[in-house]
Amino acid sequence: MSALLDLLTGIFRQQTLSGASLELAALAAPLWVAALVGLLIGWAWRPRWAGVVIGDNAQQAAQLPAPPPPMHATATAEASRLETAVVPRTVVAPVAPEEEQLPVNTGDLMHLWRLVEEKDGGPSWIHMMERTLPTMRYQAWRRDPPNGPPQYRSSTIFEDASPEVVRDFFWDDEFRIKNSWDDMLLQHETLEECTKTGTMVVRWVRKFPFFCSDREYIIGRRIWASGKTFYCVTKGVPRPSVPRQNKPRRVDLYYSSWCIRPVESRKGDGAMTACEVLLFHHEDMGIPWEIAKLGVRQGMWGCVKKIEPGLRAYQVARTAGEPISKCAAMAHVTTKFNADELDTEDNTEASSSNNNTEIEKPKPWTNNIPKVLMIGGAVALACTFDGGLLTKAVIFGTARRFAGPGRR
C-alpha cells in the first residue's frame with residue numbers, strides 16, 4: 001500500500017501537467033485492460049443456455065394474447081324497440097367470442113366475485129367506520145394497494161327491501177337526479193346498449209367541490225344474477241369516439257361495483273327481508289391520494305345517509321305503480337350464472353396455476369449471468385495487482401456480495 005502511495009506522490013511531483021497526465025494514464029491503463037479482460041473471460045465461461053434466455057423470453061412475450069377489441073354499437077332496431085316497450089327478461093351467457101368483445105365481460109364478473117369472497121389476493125382491509133340507523137346499518141373499510149389509488153369496501157344493510165328493487169334503484173340514473181339522493185350527478189346519457197346482455201356504456205358528469213373542476217366518466221356496466229344475488233359491475237371504459245374536454249375533466253380509472261343479496265333481518269324473526277349491498281370502489285380523480293383519503297373519510301357518512309331516504313322514496317314510487325325508467329328497465333336484463341360453479345372453476349384454475357408455477361419456476365442459474373461477468377472481471381482485476389492484500393480483499397468481498405444472494 002505504501003508503494004502505491006509513493007508512486008502517486010511521484011506522479012504529482014511532475015513539473016508539467018502533461019507529464020502528470022501521461023503518468024496517470026500509464027498507471028490506469030493496466031486496470032482498464034484487466035477489467036475488460038475479466039469481462040471477456042466471464043462471458044467466455046458462460047453456459048450454453050445463456051445465449052437463448054433472451055430469445056425464450058421474447059417468444060413468451062410474443063405468445064401473450066392480444067387485448068379484446070371494443071364493443072360495437074348494438075343494432076338501432078333493438079334499441080328503439082326497447083325505448084317503446086321494454087320487456088324484462090333474463091338471458092343465458094352468450095358465446096365466448098361475443099362475450100369477450102363486450103366492454104364488461106365474464107372477467108369482470110370473476111373479479112367482483114373474488115372481491116366479495118375475499119379471494120382477490122389484495123392487501124388486508126382496514127376498518128374505517130360503522131354507523132347505524134333504525135332501518136339501515138353501514139360499515140366501511142379501506143386498503144392501500146402498492147400501485148394505484150386507495151380502495152374502499154362498504155356493507156350497507158337495508159331493512160324491508162328486496163334485492164330486485166335495490167338493484168333497480170342503483171341503476172336508475174333518472175331517479176338519481178330527480179330525487180337528488182346522489183346530488184353529485186349533474187348529467188347522464190346512454191352512449192351504447194346491448195338488449196341481449198344488458199350491457200350499457202353511459203356518460204356521467206359529476207359535480208366536484210368549488211376548488212376542482214367537474215369530472216366526466218365514460219362507464220361500462222352490466223348485471224349478472226345467481227338466484228336472488230346480483231353482481232353489478234360498473235367501471236371506466238375507453239371511448240376515443242367521445243372527445244375529451246378541458247372541463248369537465250375525464251376520469252379514466254374508475255371502478256364501482258356492487259353485490260346485492262338478501263340477508264336475515266335484525267328483527268330476529270329469521271326472515272330474509274333485509275338486503276345487503278357490498279360496494280367496492282376506487283377511482284383516480286386527479287387529486288393527490290392522501291388528500292382524497294382525507295376528503296372521503298370526512299364526507300363519506302354525509303353522502304351515505306342520503307341513500308336510505310332515497311331508497312324509501314323509490315319503494316313508494318314503485319308501490320304506487322309509477323312507470324320505471326329506461327335505465328331501470330335495462331337492469332332487468334341480466335345474465336344468469338351459478339355462483340357454486342364459479343367457485344369450483346376458480347378453485348380448479350388456482351390449482352392449475354400453482355402446478356404450472358412449480359413446473360415453470362425459473363432455475364436459480366438463469367438469474368446469475370450478470371454475476372458471472374462481475375465475478376470474472378473482479379478476479380482478473382485482482383490478479384493484476386502485484387501487491388496489497390487489502391485491495392484484493394475489497395475486490396473479492398465485492399464479488400462475494402453480488403454472488404452471495406444467489407447462494408442463499
[X] side, atom [atom1]; [Y] side, atom [atom2] - distance, nearest 0.5 Å:
X: Thr199; Y: Arg222; atom1: OG1; atom2: CZ; result: 4.5 Å
X: Lys305; Y: Met300; atom1: NZ; atom2: CE; result: 14.0 Å
X: Tyr231; Y: Ser226; atom1: OH; atom2: OG; result: 6.0 Å
X: Cys212; Y: Lys207; atom1: SG; atom2: NZ; result: 12.5 Å
X: Trp125; Y: Ser154; atom1: CH2; atom2: OG; result: 9.5 Å

Might you work through the salt bridge (charged side-chain N to carboxylate O under 4.0 Å, His left out) test for Lys235 and Asp108, ending with a clear yes or no? CA-CA 9 Å; Lys235 67 172 189 175; Asp108 298 299; 2.9 Å; yes
Aromatic ring proximity, centroids under 6.0 angstrom, [Y] and [X]:
X: His111; Y: Tyr255; result: yes
X: Trp204; Y: His188; result: no
X: Phe170; Y: Trp258; result: yes
X: Tyr314; Y: Phe175; result: yes
X: His282; Y: Tyr254; result: no

Using side-chain contact (heavy atoms from CB on, under 4.5 Å), reason through Leu186 and Asp214 one step at a time and then give a plain yes or no. CA-CA 9 Å; Leu186 299 177; Asp214 296 338; 3.6 Å; yes
Answer yes or no: are there more than 12 heavy-atom neighbours, outside Arg266 itself, under 6.0 Å from its atom CZ?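 Enclosed: over 12 neighbouring heavy atoms sit under 6.0 Å from CZ of Arg266.
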Worksheet entry | Neighbour count above 12 (heavy atom, 6.0 Å) for Asn246 CG |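 Count not over threshold, so no.
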Should the pair [X]-[Y] be classified as a salt bridge under the 4.0 Å nitrogen-to-oxygen rule?
X: Glu216; Y: Arg249; value: no
X: Asp144; Y: Arg142; value: yes
X: Glu290; Y: Lys293; value: yes
X: Asp183; Y: Arg176; value: no
X: Glu193; Y: Lys326; value: yes
X: Arg239; Y: Glu192; value: yes
X: Arg167; Y: Asp172; value: no
X: Lys267; Y: Asp160; value: yes

Arg215 side chain to Arg250 backbone, donor-acceptor under 3.5 Å:
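Not a single qualifying donor-acceptor pair exists.
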| Would Thr156 and Glu276 count as a side chain to side chain donor-acceptor pair (under 3.5 Å) if you check the C-alpha gap in whole Å, the side-chain angles of each, and the deciding distance to 0.1 Å? | CA-CA 6 Å; Thr156 310; Glu276 181 184 29; over 6 Å; no
Q.
Can a side-chain donor-acceptor contact be found between Gln315 and Arg312 if the only test is distance below 3.5 angstrom?
A.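 Yes.
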Self-check item: Criterion side-chain contact (heavy atoms from CB on, under 4.5 Å) on Val233 and Leu109, from CA distance to verdict
Solution: CA-CA 7 Å; Val233 175; Leu109 167 65; 5.5 Å; no
_Verdict with supporting geometry, Glu130 and Tyr138, side-chain contact (heavy atoms from CB on, under 4.5 Å)_ = CA-CA 6 Å; Glu130 185 169 356; Tyr138 178 77; over 6 Å; no
Self-check item: Derivation of the side chain to side chain donor-acceptor pair (under 3.5 Å) call for Glu159 and Ser265
Solution: CA-CA 6 Å; Glu159 293 289 330; Ser265 171; 2.7 Å; yes
### Task
May I have the step-by-step check of side-chain contact (heavy atoms from CB on, under 4.5 Å) for Ser257 and Leu279, ending in yes or no?
CA-CA 6 Å; Ser257 299; Leu279 169 67; over 6 Å; no
